[in-house]
S.K.: 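Okay, handing you the structure first.
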Number of protein chains: 2
Amino acid sequence: MKEKLIKISISLFGQNGFTETSIQDIVEALGVTKGTFYYYFKSKEELLMEIHLRYIEDLLKGQNEIVSKESTQEQKLFEMVYMLMQHIEGHGQSARVFFREMQHLNEAHLEDIFKKSDAFKDNMKKVIEDGIKKKEFRQDLHANIVTLAILGAVNWSYHWFNPLGELSDHAVSKIYIDLMLNGLKASK
Amino acid sequence: MKEKLIKISISLFGQNGFTETSIQDIVEALGVTKGTFYYYFKSKEELLMEIHLRYIEDLLKGQNEIVSKESTQEQKLFEMVYMLMQHIEGHGQSARVFFREMQHLNEAHLEDIFKKSDAFKDNMKKVIEDGIKKKEFRQDLHANIVTLAILGAVNWSYHWFNPLGELSDHAVSKIYIDLMLNGLKASK
């Protein structure tokens with residue numbers, strides 16, 4: 001039941017917004033009582049925090065697996081981009097709720113989510129820094145801005161990515177990485 | 001007075017959210033009456049639409065000027081990225097309101113904003129397609145995804161860009177364009 005409550009809430013928050021969705025709307029959509037809701041969550045905010053925590057912790061877990069592999073930094077970067085795109089593809093509304101409704105978390109919760117998001121960013125930055133150290137990547141680019149550019153391009157795709165569209169999450173990830181690594185300019 | 005109402009609303013919507021901000025909050029912050037508000041706007045939604053229209057129309061105007069210049073596609077792309085970054089720098093809360101509160105526009109208004117946003121994207125895509133045709137850019141990249149990657153990286157920066165930080169909007173734009181055009185990979 002907890003899973004069902006979370007799933008329907010992601011869909012309602014994604015479609016109608018967190019503020020616009022009441023606990024009544026959530027329980028009605030499942031045909032259960034408010035008592036059922038309060039058995040699992042103290043408040044709507046606590047439920048929102050659970051959605052946020054799952055989203056970011058899942059990504060951090062996947063990222064740790066990628067980091068611990070023996071592979072080039074390019075390969076690690078690709079796998080991180082692909083994982084993020086798969087998340088957006090498979091959990092489109094989760095991504096929307098994660099980024100758009102963050103403002104409705106209380107301060108302590110927000111701080112926790114920011115800390116975990118920063119950890120994700122720092123792990124990606126480390127891959128880029130290692131690539132610079134190993135001369136796999138250029139020496140003259142600002143690792144932090146490069147990280148933010150890649151994360152931005154990928155995260156932004158929740159605005160437009162259509163799982164039923166012409167290109168798969170894998171195809172889009174390949175194009176992203178090709179662009180970021182090799183650049184758009186024609187070689188001389 | 002209309003300008004003042006718009007300015008304070010952007011700041012309140014940006015800080016507290018559109019739903020959480022009442023017309024009462026807006027007029028109180030300016031020390032005027034609700035009558036003043038209704039003299040200029042029929043509703044809070046109409047005011048939100050005005051904010052959205054100004055944001056996107058301003059960008060479209062700037063983009064048209066860039067497109068009509070005699071310069072390389074690379075230069076045009078840089079100028080578009082820099083214009084967007086300047087917007088985020090100078091109107092941080094506007095960018096936040098534009099992207100986050102779009103869901104609160106009514107359907108007809110939303111359609112109008114989507115049409116204008118698409119026009120902006122299409123103009124940028126045209127620059128990339130022209131660069132491909134003129135062999136300034138690579139022949140084997142997907143112009144649409146490249147456009148979305150660049151737009152995504154830039155638009156995302158409203159989440160983190162700090163006008164008081166170490167790097168200016170100009171410096172960040174330069175790094176973005178260098179990354180997107182030349183790539184992260186060390187040359188062989």
Side-chain angles (χ1 to χ4, degrees), chain A residues 14-20 73-74 77 96 99-104 117-118 121 128 131-132 134-146 148-161 165-167 171-187, chain B residues 14-20 73-74 77 96 99-104 117-118 121 128 131-132 134-146 148-161 165-167 171-187:
Chain A
Q15 265 171 49
N16 309 322
F18 174 79
T19 311
E20 288 76 1
Q73 304 310 106
E74 173 173 347
L77 211 51
R96 186 164 292 118
F99 294 120
R100 195 187 61 196
E101 308 292 358
M102 204 176 270
Q103 49 171 330
H104 297 294
S117 302
D118 280 351
K121 196 205 86 180
I128 290 171
I132 295 174
K134 292 178 185 169
K135 308 258 161 87
E136 200 183 319
F137 297 151
R138 283 166 57 189
Q139 306 296 299
D140 60 338
L141 276 171
H142 195 291
N144 195 45
I145 303 292
V146 168
L148 288 164
I150 297 175
L151 267 181
V154 180
N155 286 339
W156 194 256
S157 46
Y158 87 83
H159 281 291
W160 61 266
F161 184 72
E166 174 203 353
L167 293 166
V172 171
S173 307
K174 284 276 213 188
I175 299 170
Y176 276 176
I177 283 292
D178 186 359
L179 172 68
M180 301 295 180
L181 286 170
N182 302 310
L184 178 59
K185 215 183 230 175
S187 46
Chain B
Q15 264 170 49
N16 309 323
F18 175 77
T19 312
E20 288 76 2
Q73 305 309 107
E74 172 172 348
L77 212 50
R96 186 163 291 119
F99 295 119
R100 196 186 60 196
E101 310 291 0
M102 204 175 270
Q103 48 169 333
H104 297 294
S117 301
D118 280 350
K121 195 206 87 180
I128 290 171
I132 294 174
K134 293 178 186 169
K135 308 257 161 85
E136 199 184 320
F137 296 152
R138 282 167 57 189
Q139 305 297 298
D140 61 337
L141 277 171
H142 195 290
N144 196 45
I145 302 292
V146 168
L148 288 163
I150 297 174
L151 267 180
V154 179
N155 286 340
W156 195 256
S157 46
Y158 87 82
H159 282 291
W160 60 265
F161 184 71
E166 174 203 355
L167 293 165
V172 171
S173 308
K174 284 276 213 191
I175 299 171
Y176 277 177
I177 284 291
D178 187 357
L179 172 69
M180 302 294 180
L181 287 170
N182 301 310
L184 179 58
K185 215 183 230 173
S187 47

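The figures here come from the full heavy-atom set of this structure, side chains too, leaving out hydrogens, waters and symmetry mates. Chain letters run A, B, ... following the sequence lines, proteins first and then strands; every chain starts at 1.
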S.K.: Which pair of heavy atoms, one from A/Ala149 and one from B/Ala153, lies closest together, and at what distance?
M.R.: O-CB, 3.4 Å
S.K.: Look up atom CG in A/Leu179 and atom CG in B/Leu181, then write down how far apart they are to the nearest 0.5 Å.
M.R.: 8.5 Å
S.K.: Report the distance from atom CG of A/Asn155 to atom CG of B/Asn155, rounding to the nearest 0.5 Å.
M.R.: 12.5 Å
S.K.: For B/Lys185, is there an ion pair with A/Asp178 - N to carboxylate O distance below 4.0 angstrom?
M.R.: no
S.K.: By a 4.5 Å heavy-atom criterion (distance strictly below it), what part of A/Gln139 contacts chain B: side chain, backbone, both, or neither?
M.R.: neither
S.K.: Specify which of B/Asp140, B/Ile175, B/Leu148 makes the most heavy-atom pairs with chain A at under 4.5 Å.
M.R.: B/Leu148
S.K.: OG of A/Ser157 to CD1 of B/Ile145: how many Å apart, nearest 0.5 Å?
M.R.: 9.0 Å
S.K.: At their closest point, which heavy atom of B/Gln103 faces which heavy atom of A/Gly17, and how far apart are they?
M.R.: OE1-CA, 3.9 Å
S.K.: With only heavy atoms counted, which part of B/Glu74 is less than 4.5 Å from chain A, the side chain, the backbone, both or neither?
M.R.: side chain
S.K.: Is the closest side-chain heavy-atom distance between B/Lys174 and A/His142 below 4.5 Å?
M.R.: no
S.K.: Does the side chain of A/Asn182 come within less than 4.5 Å of B/Arg138's, by heavy atoms?
M.R.: yes
S.K.: Which one, A/Leu141, A/Ile128, A/Leu77, A/Ile132, leads in non-hydrogen pairs under 4.5 Å with chain B?
M.R.: A/Leu141
S.K.: Taking the side chain as every heavy atom from C-beta outward, state whether B/Phe99 and A/Trp156 have any pair of such atoms under 4.5 Å apart.
M.R.: yes
S.K.: Which atoms of A/Glu136 are under 4.5 Å from chain B, going by heavy atoms: the side chain, the backbone, both sets, or neither?
M.R.: backbone
S.K.: Apply side chain to side chain donor-acceptor pair (under 3.5 Å) to B/Glu20 and list each qualifying residue two or more places apart in sequence or on a separate chain.
M.R.: A/Thr19, A/His104
